[in-house]
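Beneath this line is the structure, given in structure tokens, with notes to follow.
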Amino acid sequence: MYQEFKGKVAISTGAASGMGLLFAENFAALGGNVIMCDVNEAVLMEKAAAINEKDGGRAVGVLCDVRDYPQVCAARDKAVELFGRIDIMANFAGGYGPRMRGIHHSEYPEFPDIPIEVLDWSLDLNLKGPFYFAHAVLKRMREQNSGLIINIGSITGAEGDGYGMDYPTAKAGLMYGLTKSIAQYGSKYGIRCVCVSPGPVMTRPGMNTMKTLLGRAAEPQEIIDLILFIASDKGQFINGENIMIDGGRNAMSRG
């Protein structure tokens, strides 16, 4: 399955855990080489080493804060230095800002009460991070006349959130503005861009409380399987699109 991934090169952000790690594990198992980026250096290197103990492609951990453009460029340069190309850029790093920064409703009950520094941090992580990586890797993809950028959106980008407005704002920017714009630019260079937007995914406890028409949250592997299909030879006609994989949540009645 997916023999075409052998020798291909991917960059995965947020790769010390969650779907960023799962993508790296899957891609390497299929024979691809992967640059794994994260801010948690100790865990990142441990996970990369575990991948390298198995048969398949090579995994290389690179300490990288996606909010820092020089670090983003350094990760790109490491991929080119080691493997000579970048075939897939997978922007997994992200998350709901107030939760990740320890903000509680009891202390900051409404959106205007949330410290702007928290919202800035979240916008930088969720929107500027993928934007930075797109700007950096497109230089290389343009030279090789090929490449795929995968953005990770969210059902929240379509639904909105009256409290943590930073997250849906950033995700909507990825799902529509950035993904379509990259696809428009990249078409003449053989570069595609697709956004995959999950509903609830069992990457942490509590996600199964979000309602879907199917009555459950997704398993992380279901999201990765879709991404691998898009990246494969069978998915080459998918471009500039936001694909919801949400168990029908976006189709639910709002009444």
Exercise for the section: Could you walk me through whether Met89 and Leu148 pass the side chain to side chain contact (heavy atoms under 4.5 Å, CB included) test, one step at a time? Expected result: CA-CA 6 Å; Met89 177 67 237; Leu148 169 66; over 6 Å; no

Exercise for the section: Under the side-chain hydrogen bond (donor to acceptor under 3.5 Å, both in side chains) rule, what do Ser197 and Asn242 come out as? Steps first, then yes or no, please. Expected result: CA-CA 7 Å; Ser197 294; Asn242 175 57; 2.5 Å; yes

Practice task
Verify side chain to side chain contact (heavy atoms under 4.5 Å, CB included) between Arg249 and Lys211, making sure each step is shown before the conclusion.
Solution key: CA-CA 7 Å; Arg249 182 177 173 89; Lys211 294 180 180 179; 4.2 Å; yes

Practice task
Show your reasoning for whether side chain to side chain contact (heavy atoms under 4.5 Å, CB included) applies to Met165 and Asp161.
Solution key: CA-CA 5 Å; Met165 298 186 192; Asp161 185 327; 5.9 Å; no

Exercise for the section: May I have the step-by-step check of side chain to side chain contact (heavy atoms under 4.5 Å, CB included) for Asn151 and Val196, ending in yes or no? Expected result: CA-CA 6 Å; Asn151 291 324; Val196 171; over 6 Å; no

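Proximity of Ile223 to Phe23: side-chain heavy atoms (C-beta onward) are nowhere separated by under 4.5 Å. Residues Ile243 and Ile238 meet the side-chain proximity criterion, which asks for heavy atoms closer than 4.5 Å. Side chains of Asp38 and Thr13 form no contact here, defined as non-hydrogen atoms less than 4.5 Å apart. Taking the side chain as every heavy atom from C-beta outward, Arg76 and Lys139 approach each other to under 4.5 Å. No side-chain heavy atom of Arg85 sits under 4.5 Å from any side-chain heavy atom of Glu143. In this structure the side chain of Asn126 reaches within 4.5 angstrom of the side chain of Lys171, judged on heavy atoms. Under the 4.5 Å side-chain criterion, counting only non-hydrogen atoms from C-beta, Tyr163 is in contact with Ile114. Using a 4.5 Å cut-off on side-chain heavy atoms (C-beta onward), Ile103 and Glu107 make no contact.
Remark: Leu174 CG to Ile150 CD1 distance equals 12.0 Å, nearest 0.5 Å. The CZ atom of Arg140 sits 11.5 Å away from atom CD1 of Ile191, with the distance rounded to the nearest 0.5 Å. The CG atom of Asn26 sits 9.5 Å away from atom CD1 of Ile227, with the distance rounded to the nearest 0.5 Å. Taken to the nearest 0.5 Å, the CD1 atom of Ile149 stands 7.0 Å off from the CG atom of Asn91. Between the CD1 atom in Ile88 and the CD1 atom in Ile11 there is a gap of 11.0 Å [rounded to 0.5 Å]. Separation of atoms CG (Leu21) and CD1 (Ile51) is listed at 6.0 Å; rounding is to 0.5 Å.
Panel note: side chain Thr212, backbone Gly215; a donor-acceptor pair is recorded below 3.5 Å. Between the side chain of Arg142 and the main chain of Tyr189, no donor-acceptor pair closer than 3.5 Å is present. Remark: side-chain polar atoms of Thr179 are not paired, donor with acceptor, to backbone N or O of Cys193 under 3.5 angstrom. Remark: side-chain polar atoms of Gln71 are paired, donor with acceptor, to backbone N or O of Asp65 under 3.5 angstrom. Proximity of a side-chain donor or acceptor of Ser122 to a complementary backbone N or O of Leu119 within less than 3.5 Å is not detected. Proximity of a side-chain donor or acceptor of Ser187 to a complementary backbone N or O of Gln184 within less than 3.5 Å is detected. For the pair Glu4 (side chain) and Asp233 (backbone), a donor-acceptor distance under 3.5 Å is present. Judged by distance alone, with hydrogens and angles left aside, the side-chain atoms of Asn52 form a donor-acceptor pair with the main-chain N or O of Ala59 at under 3.5 Å. Arg192 places a side-chain N or O within donor-acceptor distance of the main-chain N or O of Ile230, the cut-off being under 3.5 Å.
With 3.5 Å as the limit, one finds no donor-acceptor pair spanning the side chains of Glu159 and Asn250.
Under a cut-off of 6.0 angstrom, the local environment of CZ in Phe131 is sparse, with at most 12 non-hydrogen atoms contributed by other residues, nucleotides or ligands. More than 12 heavy atoms of other residues, nucleotides or ligands shown are found within 6.0 angstrom of CD on Glu81. Applying the 6.0 Å contact sphere to CG of Asn145 captures more than 12 heavy atoms from other residues, nucleotides or ligands.
The minimum heavy-atom distance between Gly61 and Met45, with the atom names listed, is O-CE, 3.2 Å. Between Ala93 and Val66, the closest heavy-atom pair is CB-CG1, 4.1 Å. Heavy-atom minimum distance, Met19 versus Pro220: CG-CB, 4.1 Å. The shortest heavy-atom contact between Cys64 and Val39 is O-CG1, 3.6 Å. Nearest heavy-atom pair across Phe92 and Ser12 is CD1-OG, 3.5 Å. Nearest heavy-atom pair, Cys195 versus Gly153, reported as atom, atom and distance to 0.1 Å: SG-N, 3.4 Å.
In this structure, Arg216 pairs ionically with Glu222, as a charged nitrogen and a carboxylate oxygen lie closer than 4.0 Å. The existence of a salt bridge linking Lys54 and Glu25 is excluded, since no basic side-chain nitrogen approaches an acidic carboxylate oxygen closer than 4.0 Å.
Connection of Phe133 to Met175 is not established within any shared hydrophobic cluster, with ILVMFWY side chains joined at heavy-atom distances below 4.5 Å, either directly or through further cluster members. One hydrophobic cluster, built from ILVMFWY side chains closer than 4.5 Å, cannot hold both Val194 and Leu127; they sit in different ones. With hydrophobic clusters built from ILVMFWY side chains whose heavy atoms lie under 4.5 angstrom apart, Val137 does not share a cluster with Met36. Ile35 and Val80 fall within the same hydrophobic cluster, defined by Ile, Leu, Val, Met, Phe, Trp and Tyr side-chain heavy atoms under 4.5 Å apart, directly or through other members. Met252 and Val201 are not part of a single hydrophobic cluster, where members link through side-chain heavy atoms under 4.5 Å apart.
The side chain to side chain contact (heavy atoms under 4.5 Å, CB included) test with Lys8 is passed by exactly one of Asp87, Leu30, Asn33: Asp87.
The six-membered or imidazole ring of Tyr132 lies near that of Tyr69, with a centre-to-centre distance under 6.0 Å.
Under the 30°/60° scheme for interplanar angles, the aromatic rings of Phe27 and Phe5 are found to be tilted.
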